[in-house]
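Below you'll find the structure, written out as structure tokens, and then a few comments.
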Amino acid sequence: MYQEREDLFYYLTVYNENYPQPTMPEGVREGILKGLYRYRAAPSGAAVAQLFGSGPILNEALHAQQILEERYQVPTDVWSVTSYSELRRDALAVDAGTGSIRPSLSGGPISWTP
């Protein structure tokens, strides 16, 4: 990259938990680049809670989704967070642009999510 004067960088994350990397779901590329995409929708109707996870914690969020559904009948969506920094930048831009409108998962889908 340096030798070729390419304007690139690679980000490598290493965890000590061994788990299979899931394939990229269809239609989430933009969400991945923006920092957040819905990984799994609530299995039984509209979600009343939102669960967020990144890296190996995403597996725990999926497990929590199952527990909440089976034991407490609480449907939840699970969101994969690919960049907290990008989410912060986006939130600051929205806040600076409008002053009062803030994105809300409970108020409807975010424009770049399916």
Return all side-chain donor-acceptor pairs below 3.5 angstrom for residues 55-65, not counting sequence neighbours, or 'none' if the list is empty.
| residue | atom | partner | partner atom | Å |
| --- | --- | --- | --- | --- |
| Gln65 | NE2 | Ala41 | O | 3.4 |
| Gln65 | NE2 | Thr76 | O | 2.7 |

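Pro75 and Ala46 make their closest contact through CG-O, 3.3 Å (heavy atoms, listed as atom of the first residue, atom of the second, distance). Ser44 and Glu69 get closest at one heavy-atom pair: OG-OE2, 2.5 Å. Across all non-hydrogen atoms, the minimal contact from Val48 to Val74 is CG2-CG1, 3.5 Å. Contact between Arg38 and Trp79 at its shortest, heavy atoms only, is N-CE3, 3.3 Å.
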Does the pair Val78 and Ser80 meet the rule for a side chain to side chain contact (heavy atoms under 4.5 Å, CB included), with working shown?
-> CA-CA 7 Å; Val78 174; Ser80 177; over 6 Å; no

Full working for side chain to side chain contact (heavy atoms under 4.5 Å, CB included) between Leu51 and Leu68 = CA-CA 11 Å; Leu51 302 173; Leu68 288 167; 4.2 Å; yes

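Applying the side chain to side chain donor-acceptor pair (under 3.5 Å) test to Ser85 and every residue at least two apart in sequence or in another chain returns nothing. The side chain to side chain donor-acceptor pair (under 3.5 Å) test applied to Arg88 returns no partner, not counting sequence neighbours.
The OG atom of Ser83 lies 10.0 Å from the CG atom of Leu33; values are rounded to the nearest 0.5 Å.
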